[in-house]
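Below: the structure, in structure tokens.
Scope of the values below: all heavy atoms of this structure, side chains included, with no hydrogens, waters or symmetry mates.
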Number of protein chains: 2
Amino acid sequence: MRTVFAQCSVEYSGRLDAHLELANRLLMVKADGSVLVHSDGGSYKPLNWMSPPCTMSVREPDGEETDAGVSEVWEVSNNKTSDLLVIRLFEVLADYAHDLGTEPGLIKDGVEAHLQQLLAEQVDRLGGGSLIRREYPTPIGPVDLMIRDTNGTYVAVEVKRRGEIDGVEQLTRYLDLLGRDPLLQPLRGIFAAQAIKPQARVLAEDRGIECVILDYDEMRGIDHPEDRLF
Amino acid sequence: MRTVFAQCSVEYSGRLDAHLELANRLLMVKADGSVLVHSDGGSYKPLNWMSPPCTMSVREPDGEETDAGVSEVWEVSNNKTSDLLVIRLFEVLADYAHDLGTEPGLIKDGVEAHLQQLLAEQVDRLGGGSLIRREYPTPIGPVDLMIRDTNGTYVAVEVKRRGEIDGVEQLTRYLDLLGRDPLLQPLRGIFAAQAIKPQARVLAEDRGIECVILDYDEMRGIDHPEDRLF
DNA sequence: GAGTCAATGTCGCAG
DNA sequence: CTGCGACGTTGACTC
């Protein structure tokens with residue numbers, strides 16, 4: 001990993017064209033050749049970047065560039081997509097490099113999969129019935145849970161951490177398709193999430209989809225600790 | 001901007017919980033207090049981070065941490081969301097800081113807004129008619145273009161750089177709502193994009209939505225240079 | 001501040 | 001490899 005603090009200007013051409021005027025910025029060059037241009041604000045997204053796989057070449061400035069004060073030009077390109085990032089360095093404030101070794105990787109805990117698993121064991125929260133299966137297949141992707149309620153009605157359940165409009169659309173597509181299967185009649189839908197945004201709720205209910213709020217802590221409390229990872 | 005190369009371990013708790021085992025990484029501390037943890041690969045996304053507004057405090061390691069070899073502990077928190085990022089520094093390889101000054105900002109060309117603007121001036125590409133307005137309002141968000149064609153039929157147009165299934169869903173919602181307005185009858189939809197994925201096209205045409213491919217270079221060629229930024 | 005939509009989205013998994 | 005959905009999405013803009 002190499003980091004260069006430098007006064008620079010940047011041109012990007014690829015999916016779009018973008019341009020950065022002369023200013024001081026942090027340039028990061030990673031071991032895989034990828035390059036990031038960071039300013040001293042914003043968030044984690046760089047102002048410009050080039051993703052791997054890419055190759056970086058350094059060239060001398062041409063006459064015009066030299067006259068403008070350019071000391072060095074970096075050209076980073078992705079041959080496949082023909083994206084090109086050109087960084088013109090003027091004054092270089094600092095240039096540091098360190099070997100970081102291997103990255104063990106990020107470990108994530110407790111996401112939607114866990115919520116779905118808990119809910120599969122606690123069908124009562126959805127009004128009861130019996131679980132047919134998790135990840136019930138349809139031609140356009142699996143429904144999170146398929147249940148048959150105590151009246152014999154099939155229930156397709158979409159589980160989300162946060163219930164938004166996209167989730168309702170997704171469940172609607174599933175219901176649309178599953179509704180064509182005569183063996184799955186009658187059929188209804190439940191949209192279950194830790195929180196459901198008002199517009200998502202309105203859209204869901206307008207389409208006859210029931211909304212259920214899930215209490216993760218409560219669900220986890222009922223869960224058997226010995227079955228879980230932590 | 002401060003960059004620290006250090007052997008460290010990281011814990012994050014917020015929307016989810018995540019942790020990073022001990023390894024060498026680059027820590028960036030920006031002027032606004034935000035912190036990024038980068039490895040020597042991946043892409044521009046950090047392994048962990050804390051977005052502004054947030055506050056970073058540095059504390060001495062406790063007894064247990066000292067025994068484990070921790071030299072310093074960074075705690076970065078966002079009071080609003082109660083997100084917390086804890087970075088335990090073991091060996092510090094380097095610690096650099098430079099003032100970058102103000103960032104003039106990124107200038108972009110070729111994004112959807114530009115495509116929409118060009119298309120508004122070149123309604124012929126959609127079969128002709130007259131533009132009623134860009135960003136035609138509906139209760140669930142604005143339609144990119146509203147046109148009245150030569151037959152007097154209203155045409156709601158969704159413009160995308162890349163036409164995918166989400167865009168068709170979006171336009172369908174608009175058509176659904178606008179179809180209830182008796183003043184906008186008859187009404188049809190056009191899905192216009194630089195490229196349209198096969199499934200998106202199938203879905204669109206199944207719903208009676210016409211698909212139109214846009215040639216950006218051609219559209220830009222017809223555009224009047226004096227009206228544009230560069 | 002909430003809602004809505006775009007993004008050089010990126011990432012990860014399954015087919 | 002491609003499609004597809006999730007993401008601590010982030011960011012920009014409107015109401």
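Residues passing the side-chain contact (heavy atoms from CB on, under 4.5 Å) test with A:D206, sequence neighbours excluded: B:R180. B:F5 meets the ring-ring contact (aromatic ring centres under 6.0 Å, His included) test with A:H98; sequence neighbours excluded. Evaluation of the side-chain contact (heavy atoms from CB on, under 4.5 Å) rule for B:E164 yields B:R162, B:K197 as partners, not counting sequence neighbours. Listed by chain and number, the residues in a side-chain contact (heavy atoms from CB on, under 4.5 Å) with A:E11 are A:H19, A:V86, A:R88 (sequence neighbours excluded). Every side-chain contact (heavy atoms from CB on, under 4.5 Å) that B:R207 has, sequence neighbours left out, goes to B:V168, B:E169, B:T172, B:L203, B:I209. B:R161 meets the salt bridge (charged side-chain N to carboxylate O under 4.0 Å, His left out) test with no other residue; sequence neighbours excluded.
In this structure, B:E158 reaches the sugar-phosphate backbone alone: every heavy-atom distance under 4.0 Å involves primed, P, OP1 or OP2 atoms, never a base. Within 4.0 Å of B:D166, counting heavy atoms only, lies no atom of the nucleic acid at all. Residue A:M50 is out of contact with every strand shown, counting any heavy-atom pair closer than 4.0 Å.
The distance from atom CD of B:E135 to atom P of C:dA6 is 9 Å, rounded to the nearest whole Å. In this entry the distance linking CD of B:E164 with P of C:dA6 reads 11 Å, nearest Å. Taking atom CG on A:N48 and atom C1' on D:dT10, their separation rounds to 16 Å, with Å as the unit. The distance between atom CD1 of A:I87 and atom C1' of C:dT8, rounded to the nearest whole Å, is 14 Å. With rounding to whole Å, B:L115 atom CG is found 18 Å from C:dC5 atom P. Atom CG in A:L203 sits about 14 Å away from atom P in C:dG3, given to the nearest Å. The distance from atom NE2 of A:H38 to atom P of D:dT10 is 14 Å, rounded to the nearest whole Å. For A:L16 and C:dA6, the CG to C1' distance is 12 Å, given to the nearest whole Å.
Distance noted for atom P between D:dG11 and C:dC11: 15 Å (whole Å). Annotation: D:dA6 and C:dA7 have their C1' atoms spaced 15 Å apart (nearest Å).
Contact check on B:E218 versus B:R125 returns a salt bridge, with a Lys/Arg side-chain nitrogen under 4.0 Å from an Asp/Glu carboxylate oxygen.
The ring-ring contact (aromatic ring centres under 6.0 Å, His included) analysis of residues 21-55 of chain B, with sequence neighbours excluded, yields the pairs A:Y44-B:W49, A:W49-B:Y44. Counting only residues at least two apart or in different chains, salt bridge (Lys or Arg N to Asp or Glu O under 4.0 Å) contacts with residues 23-40 of chain B comprise A:E103-B:R25. The salt bridge (Lys or Arg N to Asp or Glu O under 4.0 Å) pairs that include a residue from residues 42-59 of chain B are B:R59-B:E65, B:R59-B:E75, where partners are two or more places apart or lie in different chains.
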Discussion item. Go through it in stages, so that I can follow the logic: the residues are B:K160 and B:Q170, the test is side chain to side chain donor-acceptor pair (under 3.5 Å), and I'd like the CA-CA distance, side-chain angles, deciding distance and then a yes or no.
Written reply: CA-CA 11 Å; B:K160 291 275 182 237; B:Q170 196 180 339; 3.1 Å; yes
Discussion item. Could you write out DNA chain C as dot-bracket? Rules: Watson-Crick or G-U wobble, both distances under 3.5 Å, brackets [ ] for crossings, | for pairs with another strand, dot for unpaired.
Written reply: |||||||.|||||||
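Heavy-atom distances under 4.0 Å link DNA chain D to no residue of residues 19-35 of chain A.
Residue-to-nucleotide proximity on DNA chain C shows that, of B:G141 and B:L106, the 5′-proximal contact is made by B:G141. Nucleotides of DNA chain D nearest to B:A18 and B:K197 differ in position, and the one nearer the 5' end is that of B:K197.
Under the 3.5 Å distance criterion, the side-chain polar atoms of B:Y216 are left unmatched by any main-chain donor or acceptor of B:L115. A side-chain donor-acceptor contact under 3.5 Å links A:Q122 to the backbone of A:M219.
Applying the 4.0 Å criterion to OP1 and OP2 of C:dA6, one finds that B:Q170 has a side-chain N or O inside that range. Side-chain nitrogen and oxygen atoms of B:R161 include none within less than 4.0 Å of the OP1 or OP2 phosphate oxygen of C:dC5.
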Identify each atom pair where a protein N or O and an N or O of nucleotides 11-15 of chain D are less than 3.5 Å apart, giving names and distance.
{"residue": "D:dG11", "atom": "OP1", "partner": "A:S43", "partner atom": "N", "Å": "3.4"}
{"residue": "D:dG11", "atom": "OP1", "partner": "A:S43", "partner atom": "OG", "Å": "2.2"}
{"residue": "D:dG11", "atom": "OP2", "partner": "A:S43", "partner atom": "OG", "Å": "3.0"}

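For B:K160, counting side-chain heavy atoms from C-beta on, the closest listed nucleotide (C:dC5, C:dT8, D:dT10) is C:dC5. Closest contact between the side chain of A:W49 and the listed nucleotides D:dG8, C:dT8, C:dA6 involves C:dT8.
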